[in-house]
Amino acid sequence: MLTDLFATDLQLGAAQALITVVLALGVILYARRQNIHMAQETGFALLRGIVQVLAMGSVLFLLLDQPLWAAVPVLLAMQLAGSSIAARRSKAIARVWWVCFRGIGIGSGLLIVTMTILGVIDWEMGAVIPVGSMIIANAMNTVALSLDRFQSEIESHVGEIDAALALGADPRTAVRPHVQAATEAGLIPQLNSLRSLGIVWIPGLMTGMILAGTDPIYAALYQFVVLAMLFSGSGLSTLISMFLVRTHVFSPAMQLILRPGAEVEDAAQAAT
Amino acid sequence: MKHKSETEAVTMKQNQGFVYLRTEELSWQRNGQQIVEEISVEVSRGDIVAVAGPSGAGKSSFLRLLNRLTEPTSGKVYLEGQDYTEIAPQELRRRLGMVMQLPYLFPGTVAENIRFGPAQRGQQLGDSEISELLERVSLGGYAARDISNLSVGEAQRVSLARTLANDPEVLLLDEPTSALDRAAEQEVEELIREIITAQQLTCLIVTHNMEQARRMAERAMLIREGRLIAMGPAKEVLNAD
């Protein structure tokens, strides 16, 4: 219907974006009536989202004809931004940004490089940046969820952790059950995506490939490849982040510094 | 895990009176608030010291500073004359075994909990050693029981056995009976008294219950608002309060 009203893709896209924004505003208004106040945060996120994605579209347009190495600074910038976003909810953990940066960087970086070398991701800018960004974004979400869960696990099990330390356990042993719980919690959305693939949802990439005329079986297989890559990248990033973060909640003298009510500055100071 | 042999017990008796634990102007601040303020005390081997005072006086914080679960803001702690920062934290905590206000048992069986401490040093406790430890806390036959099936009193006794499994030189007891009902409180209190007497352990017991402090300790230190008010024979210090 909309396609009949607009002459160019740009006009059509703007109209479609406007409709979805109106829909999102409707959700915000309904939430407000239920005393759920998310207007400011969601409004800002919507605005930010559209600006960012348009900027990325423009960058991609400019980069398409560039050599492949030009993807490196773009993906690195994405990783920097992703680390900051992932670290935001777990600020009580000392030097958490550094944990996210290394976790997401090593996890997703290893995967992108390996998959590109093996040819699973096409050796071209138009594939490396979009698929790489999906891997980084999913790693960011999983790491953020795991760290958030890790922080709440620690804060609600201070007694057990102190008891383990008092019995002569090292920090890694003392937090082991909480690292396991946090890692599993972070990976639940990724596992659910894999489980429900083709039953509950048909992802956008596959839909786009079919609409563009690709063989539906190949499109389905490639979609699975992408999801499996996202799971591996997220899993690796989370495992690395969890491995790194274990010691960030303890002082050098093996004292638990992440405690409910402890000031972040105190915790950070004790950890150095 | 070994019971103290007779020879060890005689040596310990001979060592009694020697300063084992000494603090020097030990202080701790949290979020700018002084919780423990310049406490200097000496505890001899074999002493049983009650750390008494009202709730929120800083008694538990003082105890946590002793086994370095909390880092002092200033001041020193010496163990047999050695600055405790020179001792690896894991070894220090084994030597100064702590029983907390709540048992905080780990998920699993009683035996798994008892094995935890020695396993940290690569030592595997045998079934007979676990049974012996459990006998000492009057829980014979409980080794295979899941901790979710224990009463609070039983759990606190497992917690005591778990600490004893580490063969500590000092027992730090942080209100070990405060979460128990009257009957369980008396049972656990008696048990602790028996164990520290039989093993001639040096012991610091935090309590806000003055009667308990009088019953259990020979010496007492009274803390208020983080400061040491008095230290001496339990009856004198506690009766003066």
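Residue numbers begin at 1 in each chain, while the letters A, B, ... track the order of the sequences.
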Got a sec: does the CD of A:Gln34 have more than 12 other heavy atoms crowding it under 6.0 Å? yes
Approximate separation, where rounding is to 0.5 Å, of A:Met254 CE and B:Glu71 CD: 12.5 Å
Between A:Gln255 and B:Arg68 (side chain of the first, backbone of the second, donor and acceptor by atom type, cut-off under 3.5 Å), is there such a pair? yes
If you count heavy atoms of other groups shown closer than 6.0 angstrom to OH of B:Tyr78, is the number above 12? yes
Which is it for B:Phe106 and A:Leu167 under the side-chain contact (heavy atoms from CB on, under 4.5 Å) test, yes or no, and what are the steps along the way? CA-CA 12 Å; B:Phe106 310 127; A:Leu167 288 164; 4.0 Å; yes
Does any heavy atom of chain A fall under 4.5 Å from the side chain of B:Leu69, the backbone, both, or neither of them? both
Is it the case that over 12 heavy atoms from other parts of the model lie below 6.0 angstrom from the CD atom of A:Gln40? no
Taking CZ in B:Arg121 as the centre, count heavy atoms belonging to other residues, nucleotides or ligands within less than 6.0 Å. Is the count above 12? yes
Go through the structure and list residues passing ring-ring contact (aromatic ring centres under 6.0 Å, His included) with A:Phe231, not counting sequence neighbours. none
Considering residues at least two apart in sequence or located in another chain, which fulfil the side chain to side chain donor-acceptor pair (under 3.5 Å) criterion with B:Ser60? B:Asp174
Qualifying residues under side chain to side chain contact (heavy atoms under 4.5 Å, CB included), relative to A:Thr173, sequence neighbours excluded: A:Ala169, A:Asp170, A:Arg176, B:Phe116, B:Gln120
Per-residue contacts, residues 87-99 of chain B versus chain A, heavy atoms under 4.5 Å: B:Pro89, B:Gln90, B:Arg93, B:Met98
Interface residue of largest heavy-atom contact number with chain A, from B:Thr70, B:Asn67, B:Leu172, under 4.5 Å: B:Thr70
Give a yes or no on this: more than 12 heavy atoms of other residues, nucleotides or ligands lie within 6.0 Å of atom CD of A:Gln52. yes
Nearest heavy-atom approach of A:Ala163 to B:Arg162 is CB-NH2, 3.9 Å
Is it the case that over 12 heavy atoms from other parts of the model lie below 6.0 angstrom from the CD atom of A:Glu41? no
Proximal component of B:Arg64, with respect to chain A [non-hydrogen, under 4.5 Å]: side chain
